[in-house]
Protein chains: 2
Amino acid sequence: MFNKVLVAEDLDTISVAVVQALEKLSIAEIHSTKYCDDAFLKIKKAIYDNAPYDLMISDLSFKSDHREDKLTSGEELIEAIKKIQPDIKTIIFSIEDKSFRIKSLFNNLGINAYVCKGRDSIEELQTAIQRIYNNEEVKTSNELALTLRDKTLFEIESYDISLLKSLSKGLTVEDISTEFKDSGIIPNSNSSLEKRINKLKVYFKANNNVHLIAITKDLGLV
Amino acid sequence: MFNKVLVAEDLDTISVAVVQALEKLSIAEIHSTKYCDDAFLKIKKAIYDNAPYDLMISDLSFKSDHREDKLTSGEELIEAIKKIQPDIKTIIFSIEDKSFRIKSLFNNLGINAYVCKGRDSIEELQTAIQRIYNNEEVKTSNELALTLRDKTLFEIESYDISLLKSLSKGLTVEDISTEFKDSGIIPNSNSSLEKRINKLKVYFKANNNVHLIAITKDLGLV
DNA sequence: AAATGCTATACGGTATTCCGTAAAGAACTA
DNA sequence: TAGTTCTTTACGGAATACCGTATAGCATTT
């Protein structure tokens, strides 16, 4: 089994539970930290001491508080760590369940596993660790597997996102039209914008603009 | 100390940590559940068995899964439970840190304490329980205390919440008017609803309804 | 070049929002 | 009872959303 593991998690409740789960896997050295910056320093020092970590388990989002941290999210943390220790194994342990988000984590960060915080996540986390150690394929959470495989997912382009964001800022279609014209974004006519908004409304089954923003906010798109 | 306590929390990691924290307070009977509906049934059965719970600690948001639950949030759960056992003590233990939201929980649900999941929440939870048991004033988390004491804060009533919720469901003012008439909610005329929406728009500095919903969604009010 | 198809744009009519003003009703005061 | 104030309701006009149809531009095909 892995010898030295680091847990980066800001919520104390979750952190103690994860550490306990690791202890049951008879991992010798388990360290935990509540801040991304601290996690980075620990990894760095471990390399320096010639006793590097084998695995890091990290949350994605960290609450901000009085401290002014350089690294503020799990993504930034992993990106920074991979630069100084490319061979370290990484698991993200997060509540995030948006498929497109998770997909990009595998593709862009090269994480080894993604475990979704949920009703049976302790066991899932343990099996994920075991499988990574055995170099086996890591199975994702049940619910997740479905959404990741779902090819029918509407391709939301960045154009749609900025359109939705402008709407949620309280701009009228007229406003957005001039905004897009200024930024050189096309299409930018009222008519085209309306047509695009309409497509989004159809896709998300929204009755009107208010409804559309409510839905996409819930999905975390905006 | 309290004798019988129920923990309603869907994330297994947090649940085990909370139960451990309770054990250290030498509480005799500690039960936990991952679903709102189950929590309600446990409370109900305990009343029936003449051994009611003294305290419930509940999360606010619960993940939805294959089960089709009637109660889907901590708010709904507490509302339902207060109807069958009005004297039960309740603590909300959630990641939510928006002052509006929390204030409305105190005002509309009559909770006894609000503890924010964070880096030192285990200790905060324990002192909150102790203080409720001693009938002392419950101190809220440091950051929270400031915003809650602010009397200039607009009093968001449950009326406003249901209005915003209806809007975010894509209903028109006309629709909401008939909906409110059917439910016996007053005021319910188009004019009054518009006036109320206007106040909210002024308060939240929203340009239009879309903007208003975007803002209140961000604040976690809807 | 002509035909085709796709996309962006233009326009018009209806519905809804947005925002005033005013009347009706209820609660309180003198 | 009459007066005062606050809340609810009514109404009207301008702005915007909503939705259909029609034209213009551009690329590809024939």
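Residue numbering restarts at 1 for every chain, and letters A, B, ... go by the order of the sequence lines.
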Do any N or O atoms of the protein come closer than 3.5 Å to N or O atoms of nucleotides 17-19 of chain C, and which pairs are they?
residue : atom : partner : partner atom : Å
C:dT17  : OP1  : B:V173  : N            : 3.3
C:dT17  : OP2  : B:V173  : N            : 3.3
C:dC18  : OP1  : B:N209  : N            : 2.9
C:dC18  : OP2  : B:K201  : NZ           : 2.9
C:dC18  : OP2  : B:N209  : OD1          : 2.3
C:dC18  : OP2  : B:N209  : ND2          : 2.8
C:dC18  : O5'  : B:K201  : NZ           : 3.3
C:dC19  : N4   : B:E194  : OE1          : 2.7

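- Taking atom CG of B:L212 as the reference point, atom P of C:dT16 lies 19 Å away to the nearest angstrom.
- Using a 4.0 Å heavy-atom criterion, one finds that A:N188 contacts the sugar-phosphate atoms exclusively.
- At least one cation-pi condition fails for B:R119 and A:F62: the charged atom is not both under 6.0 angstrom from the six-membered ring centre and inside a 45 degree cone around its axis.
- The nearest whole Å value for the distance from the NZ atom in A:K195 to the P atom in C:dA8 is 9 Å.
- Screening B:D65, B:D10, B:T72 for a side chain to side chain donor-acceptor pair (under 3.5 Å) involving B:Y35 leaves a single residue, B:D65.
- In summary, contact between chain B and DNA chain D, defined as any nucleotide atom under 4.0 Å from a heavy atom of the protein, begins and ends at D:dT8 to D:dC11 in the 5' to 3' direction.
- Taking 4.5 Å as the limit, every side-chain heavy atom of B:E96 sits out of range of all side-chain heavy atoms of B:L105.
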Checklist entry - B:S177 and B:L193: side chain to side chain contact (heavy atoms under 4.5 Å, CB included), yes or no, with the steps? => result CA-CA 7 Å; B:S177 173; B:L193 292 174; 3.9 Å; yes
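- Side-chain atoms of B:I91 and B:L125, non-hydrogen and from C-beta on, do get closer than 4.5 Å to each other.
- With A:E9 contributing its side chain and A:T33 its backbone, the two residues share no donor-acceptor pair below 3.5 Å.
- No side-chain heavy atom of A:I122 sits less than 4.5 Å from a side-chain heavy atom of A:D120.
- Residue side chain A:S191 reaches the base of C:dA10 through a donor-acceptor N/O pair under 3.5 Å, judged by distance alone.
- Looking at A:L167 and A:T172, their side chains never come closer than 4.5 Å, going by heavy atoms from C-beta outward.
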